[in-house]
Asker: 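Handing you this structure, nothing more for now.
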Amino acid sequence: MSANDRPTGQQTKQQSRTYDSAFLKACRREPVPHTPVWFMRQAGRSLPEYLKVREGIPMLESCMRPELVTEITLQPVRRHKVDAAIYFSDIVVPLKAIGLDLDIKPGVGPVVADPIRTRADLARLRDLTPEDVHYVTEAIGMLTDELGDTPLIGFAGAPFTLASYLVEGGPSRSHERTKAMMYGDPQLWADLLDRLAEITSAFLKVQIEAGASAVQLFDSWVGALAPADYRRSVMPASVKVFDAVAGYGVPRIHFGVGTGELLGLMGEAGADVVGVDWRVPLDEAARRVGPGKALQGNLDPAVLFASTEVVEAKADEVLAAAKGLEGHVFNLGHGVMPSMDPDALTRLVDHVHTRTAV
């Protein structure tokens, strides 16, 4: 089943209520009343209300408190009037949920106490069950009651990016250990990504079954790979994830950073919508991805630090490049930055809505 087929038996009340929203119509490549907008990492650490409710609460703990997750997820919807909400969580939450010793250190990112580097280490990657992330089901239930006809986007980290954190032990610029395993022990690498694909699929299924109207797979670090390596060593695991949730009929979005050379392959992996960062114009991205996919993106986030006139002019350039696309969801080419002016984001949403209103 594709995102263009209206789901029947498995559709939740919230998915039925949001089906005709501008965001989901754009994902399905249908005519829209205006170009829909949402921002990755919407809380973005830029909202004062976000900083207030998160004060003194570690990141992973905040992801496990349903009432806090609900509040943080709703904040950008209230303030910016975006067309979709993105579930507040972190890509390592399912790994923490299955018992891995990891933490998110401020200013650093996810840090893994005992990296995965041998075949024996794979035994630590057990199956994820809904009970492991019961707080996700609870939070999404609370959120969908509040969101009304605004869609909620669930998300997860893609197998390659999760593997990079697990193998490196934390963030890495060059991914030496990750690539060493991929090249030096391809069977161990394939088995690692396959296990992570199963965990990721289970995590997305929990979110969809709880009421998420779309899902996004973040492959933050996959731009470090050449196309041949992606096709051979990464794409099969991403395909497995997208296939696992295809039957739900919700749109599936695939996004990575620095993935201009991979856009076509990322589309082939099974996404309905391909996210594009700011490095490739949307019209060129459409040529690389090919027909049958909507695109998401792709204003350079740094533009938001310029004047309103510059922001609007650059947004218009994105919209001009998107003319003629089968479907377009306006987003930044990456995520919201901590020091951004929240009012600038609100003005950007208003501008895109006004410019594209039918």
Side-chain angles (χ1 to χ4, degrees), residues 2-4 18 21-32 34-42 44 76 80 82-87 150-158 204 212-220 222-223 238 242 245 250-260 262-301 303-304 314-315 317-336 345 348-349 352-353 355-356:
S2 75
N4 290 329
T18 61
S21 64
F23 168 72
L24 292 178
K25 280 178 174 288
C27 290
R28 297 194 303 266
R29 297 173 284 121
E30 297 173 359
V32 293
H34 60 264
T35 298
V37 187
W38 72 277
F39 301 128
M40 286 175 283
R41 294 196 300 176
Q42 282 185 165
H80 303 314
V82 285
D83 295 278
I86 177 72
Y87 183 74
T150 299
L152 176 66
I153 305 168
F155 82 91
L204 290 178
S213 296
V215 290
Q216 175 159 303
L217 194 64
F218 282 87
D219 217 345
S220 307
V222 79
S238 295
F242 285 123
V245 298
V250 303
R252 299 157 295 170
I253 310 168
H254 202 3
F255 175 76
V257 181
T259 53
L262 305 178
L263 289 173
L265 292 172
M266 291 175 71
E268 285 183 39
D272 303 294
V273 184
V274 177
V276 184
D277 73 12
W278 67 94
R279 296 170 177 86
V280 179
L282 287 176
D283 48 359
E284 170 60 18
R287 187 190 67 78
R288 298 183 187 187
V289 171
K293 307 288 181 182
L295 296 186
Q296 177 177 280
N298 68 336
L299 185 68
D300 184 343
V303 168
L304 270 294
K314 288 295 186 181
E317 289 179 12
V318 172
L319 294 173
K323 280 192 178 298
L325 297 185
E326 296 182 66
H328 176 223
V329 175
F330 190 98
N331 209 314
L332 302 180
H334 194 294
V336 170
L345 289 165
L348 175 59
V349 176
V352 173
H353 284 171
R355 274 287 195 270
T356 59

Asker: Who passes side-chain contact (heavy atoms from CB on, under 4.5 Å) against Ala26, sequence neighbours left out?
Answerer: Val32, Pro36, Val329
Asker: Between His254 and Phe242, does a ring-ring contact (aromatic ring centres under 6.0 Å, His included) hold up when you go through it step by step?
Answerer: CA-CA 9 Å; His254 202 3; Phe242 285 123; 5.0 Å; yes
Asker: Are Leu345 and Val82 packed together at the side-chain level, in the sense that at least one heavy-atom pair is separated by less than 4.5 angstrom?
Answerer: no
Asker: I need the Lys25 NZ to Arg28 CZ distance, nearest 0.5 Å.
Answerer: 6.0 Å
Asker: Looking only at heavy atoms, which two atoms of Asp277 and Gly258 are closest? And how far apart?
Answerer: OD2-N, 2.6 Å
Asker: Ile86 versus Phe39: any side-chain heavy-atom pair under 4.5 Å?
Answerer: no
Asker: Any side-chain heavy atom of Thr259 within less than 4.5 Å of one from Leu263?
Answerer: yes
Asker: Please name the pair of heavy atoms, one in Thr150 and one in Ala84, separated by the smallest distance, quoted to 0.1 Å.
Answerer: CG2-CA, 3.9 Å
Asker: For Thr18, check side chain to side chain donor-acceptor pair (under 3.5 Å) against everything at least two apart and list the hits.
Answerer: Ser213
Asker: Is the backbone of Gly267 close enough, under 3.5 Å, to the side chain of Lys293 for a donor and an acceptor to pair up by distance?
Answerer: yes
Asker: What are the two closest non-hydrogen atoms of Thr356 and Val352, and how far apart are they?
Answerer: OG1-O, 2.7 Å
Asker: Tell me, which pairs form a side chain to side chain donor-acceptor pair (under 3.5 Å) where one or both residues lie in residues 322-335, sequence neighbours left out?
Answerer: Arg29-Glu326
Asker: Got a sec, which residues hit ring pair (Phe, Tyr, Trp, His ring centres under 6.0 Å) with His353, two or more places apart in sequence or on another chain?
Answerer: His34
Asker: Sequence neighbours excluded, which residues qualify as side-chain contact (heavy atoms from CB on, under 4.5 Å) partners of Ala212?
Answerer: Gln207
Asker: Indicate yes or no: at least one non-hydrogen side-chain atom of Tyr87 is less than 4.5 angstrom from one of Leu152.
Answerer: yes
Asker: State which residues pass side chain to side chain donor-acceptor pair (under 3.5 Å) with Gln296; sequence neighbours excluded, sorted by chain then number.
Answerer: Trp38, Gln216
Asker: What are the two closest non-hydrogen atoms of Ala214 and Leu24, and how far apart are they?
Answerer: CB-CD2, 4.2 Å
Asker: Can you check whether Phe155 and Phe218 have ring centres sitting under 6.0 Å from each other?
Answerer: yes
Asker: Please report the shortest heavy-atom distance between Val250 and Val215, naming the atom on each side.
Answerer: CG2-CG2, 4.5 Å
Asker: Would you check if Ser21 and Asp83 make a side-chain contact, meaning some heavy-atom pair closer than 4.5 Å?
Answerer: no
Asker: When rounded to the nearest 0.5 angstrom, what is the spacing between CZ in Phe255 and CG in Asn298?
Answerer: 9.5 Å
Asker: Could you tell me whether the side chain of Leu348 reaches within less than 4.5 Å of the side chain of Leu332, counting heavy atoms only?
Answerer: yes
Asker: Taking salt bridge (Lys or Arg N to Asp or Glu O under 4.0 Å) as the definition, give me every residue that meets it alongside Glu284, ordered by chain and number, with sequence neighbours left out.
Answerer: Arg287, Arg288
Asker: side-chain contact (heavy atoms from CB on, under 4.5 Å), that's the test. Do Arg279 and Val257 meet it? Break it down for me.
Answerer: CA-CA 9 Å; Arg279 296 170 177 86; Val257 181; 3.7 Å; yes
Asker: Go through the steps for Met40 and Val336 under the test side-chain contact (heavy atoms from CB on, under 4.5 Å), then give the verdict.
Answerer: CA-CA 6 Å; Met40 286 175 283; Val336 170; over 6 Å; no
Asker: Nearest 0.5 Å, please: how far is CG in Leu319 from CZ in Phe330?
Answerer: 5.5 Å
Asker: Keeping the roles fixed (side chain from Asp272, backbone from Ala294), state whether a donor-acceptor pair exists under 3.5 Å.
Answerer: no
Asker: For Ser238 and Asp219, work out which heavy atoms get closest and say how close.
Answerer: OG-OD2, 4.3 Å
Asker: Does any part of the side chain of Leu295, heavy atoms only, come nearer than 4.5 Å to the side chain of Val273, both counted from C-beta?
Answerer: no
